[in-house]
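Everything numeric here is computed off the predicted structure, so don't read it as measured data.
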Amino acid sequence: MCSSDLSARAALILSIGHYPKDVFAQKDFHAKRSVMADIYRDDVDPSVHGATAWLLRHWEAQDEIKACDEKLSTGKIEDSRRWYLTHFGHTMTVITGPVEFAMGSPANDAHAATWNGETQHRVTIKHSFAIDTTEMTREQWRQFEPTYPELSERRCPANYVPWYLAVKYCRWLSEREKIPESEMCYPPADQIGPGMRLPENYLERTGYRLPTEAEWEYACRSGSTTIRFFGTSLELLPRYAWYIKNSNEQVWPVGTLMPNDFGLFDVYGNVLEWCQDAFVADYTRPPEEKALNRIVKANDERILRGGSFTHIGPVTRSADRSWIAPDNHTVRTGFRIARTLAKP
């Protein structure tokens, strides 16, 4: 099936969610929910899987999702499927490289900030990679950090996370997914902190890590070239993003709003997401060169992407960049995980 057919199928599933549930007869509704659970479990495409996940949440079918996820959380990547689940419930979209795209702000973006490196340019990501479809949740984070407050909504994104601690999580997850030491992207936890040194070839290793800035933007855009992955309209933004207009100045459960065409949720708003890269003003340098700052210094600011629940609409867009020091953290800072995939 071609990508346009898959996008159309995902769009059709999303459209069903805009009808009130009471338009379906009770018998029909249960039958449709069962069909959608089967699609959620079996469809190989991440856009269809993401759309179905959103619809099932919208229909309050958490039990069906949980039952499927318990069987799917194997950490195994199957050749026939372009997504998989880790043992800790991360749904990872698989992106086959090499890929080339236009990174940065398009010419019609009135809010482009070329002074901070948003100049549009062609970028090639040479490797295949996987990226989490959601931001790290509080429920997932508490498995790593039991002292994290047990707040009422477990599926809200974990926040107040500094870059170094996000990196420690990636190392912790890699160990529990039984990734060998030779494939670890980060040193052991007691060596993670100011002055830490990364392996020379860490972008070639298959351990879990933070996404590079180029990976993040490519995954966010999901094939689009416009200001936002769904186009330019601010009127549509509340369907996809928790930002100042609709957030009530708080984070919201991940996956509540609609996903992009790669099945990724909350790439705009909710919390800012750490990237691997240190901030450099010259945005047009090759992505590998920007990412491979191998000694991480406390005063080397790291990139954050995606905006947060406090951002205004006009700056909530695919190319927007933020940056702070790696030991800094705020109510707005979280992350999603990624990894390089082994060559076949």
Side-chain angles (χ1 to χ4, degrees), residues 1-10 13-14 34-57 61-99 125-137 140 143 170 172-180 182-185 203-212 215-216 218-220 222-223 254-255 259-265 267 336-344:
M1 189 177 292
C2 71
S3 59
S4 60
D5 291 338
L6 293 169
S7 294
R9 188 178 184 194
I13 292 169
L14 292 171
S34 178
V35 168
M36 288 301 160
D38 290 343
I39 295 172
Y40 173 82
R41 183 189 63 238
D42 297 332
D43 200 286
V44 301
D45 183 72
S47 64
V48 175
H49 181 76
T52 312
W54 174 80
L55 180 60
L56 288 171
R57 291 188 196 107
Q62 286 85 354
D63 289 344
E64 285 89 339
I65 292 175
K66 183 178 179 181
C68 291
D69 286 355
E70 286 176 351
K71 295 179 179 178
L72 293 166
S73 296
T74 64
K76 295 180 180 179
I77 304 171
E78 299 179 12
D79 292 339
S80 61
R81 179 178 283 159
R82 291 172 42 228
W83 55 270
Y84 73 95
L85 268 72
T86 71
H87 290 95
F88 292 83
H90 302 279
T91 301
M92 307 292 293
T93 285
V94 172
I95 296 171
T96 303
V99 293
I125 301 171
K126 298 177 181 179
H127 54 270
S128 299
F129 67 98
I131 187 166
D132 203 341
T133 61
T134 71
E135 295 163 334
M136 176 67 55
T137 69
Q140 292 164 338
Q143 294 175 84
C170 293
W172 176 88
L173 178 63
S174 298
E175 291 171 354
R176 277 145 190 81
E177 293 290 326
K178 301 189 185 307
I179 292 172
S182 61
E183 295 295 325
M184 293 289 181
C185 298
L203 273 186
E204 300 173 12
R205 297 186 177 198
T206 59
Y208 287 91
R209 55 174 172 77
L210 298 177
T212 68
E215 290 170 340
W216 189 96
Y218 181 81
C220 168
S222 56
V254 302
N260 70 8
D261 275 354
F262 284 175
L264 271 62
F265 297 89
V267 287
R336 75 177 71 215
I337 60 173
R339 67 184 299 202
T340 298
L341 297 179
K343 295 179 181 179

Discussion item. Tell me which one of Val99, Ile131, Thr212 satisfies side-chain contact (heavy atoms from CB on, under 4.5 Å) with Tyr218.
Written reply: Val99
Discussion item. Less than 4.0 angstrom from a charged side-chain N to a carboxylate O is my criterion; do Asp43 and Arg9 meet it?
Written reply: yes
Practice prompt. Start with the C-alpha gap between Leu210 and Trp216, add the side-chain angles, then the distance that decides, and say whether side-chain contact (heavy atoms from CB on, under 4.5 Å) holds.
Written response: CA-CA 9 Å; Leu210 298 177; Trp216 189 96; over 6 Å; no
Discussion item. Ignoring hydrogens, what is the shortest heavy-atom contact between Ile65 and Tyr40? Give both atom names and the distance.
Written reply: CG2-OH, 3.6 Å
Worksheet entry | Short side-chain to backbone donor-acceptor contact, Arg336 and Asp132, under 3.5 Å | yes
Worksheet, complete the sentence: d(Leu203 CG, Phe129 CZ) to nearest 0.5 Å is 11.0 Å
Fill in: Separation of Ile179 CD1 from Leu173 CG (nearest 0.5 Å)
7.0 Å
Worksheet item: How long is the gap from NE2 on His49 to CD1 on Ile39, to the nearest 0.5 Å?
Response: 12.0 Å
Discussion item. Would you compute the distance between atom NE2 of His87 and atom OG1 of Thr74 and round it to the nearest 0.5 angstrom?
Written reply: 6.0 Å
Fill in: OG1-CD1 distance between Thr133 and Ile337, expressed to the nearest 0.5 angstrom
9.5 Å
Item to complete: Any chance you could measure Glu183, atom CD, to Glu177, atom CD, to the nearest 0.5 Å?
Response: 14.5 Å
Item to complete: Could you please spell out the steps behind the side-chain contact (heavy atoms from CB on, under 4.5 Å) verdict for Gln140 and Val254?
Response: CA-CA 12 Å; Gln140 292 164 338; Val254 302; over 6 Å; no
Practice prompt. Could you check Met136 against His90 for side-chain contact (heavy atoms from CB on, under 4.5 Å), going step by step and ending with a plain yes or no?
Written response: CA-CA 8 Å; Met136 176 67 55; His90 302 279; 3.4 Å; yes
Worksheet, complete the sentence: Heavy-atom closest pair (Pro259 atom, Leu14 atom, distance to 0.1 Å) is CD-CD2, 3.8 Å
Discussion item. Could you tell me if Arg339 and Ser174 have a donor-acceptor pair between their side chains, going purely by distance under 3.5 Å?
Written reply: no
Worksheet, complete the sentence: Heavy-atom closest pair (Cys220 atom, Asn260 atom, distance to 0.1 Å) is O-ND2, 3.0 Å
Worksheet item: Any ion pair linking Lys66 and Asp63 (charged N to carboxylate O, less than 4.0 Å)?
Response: no
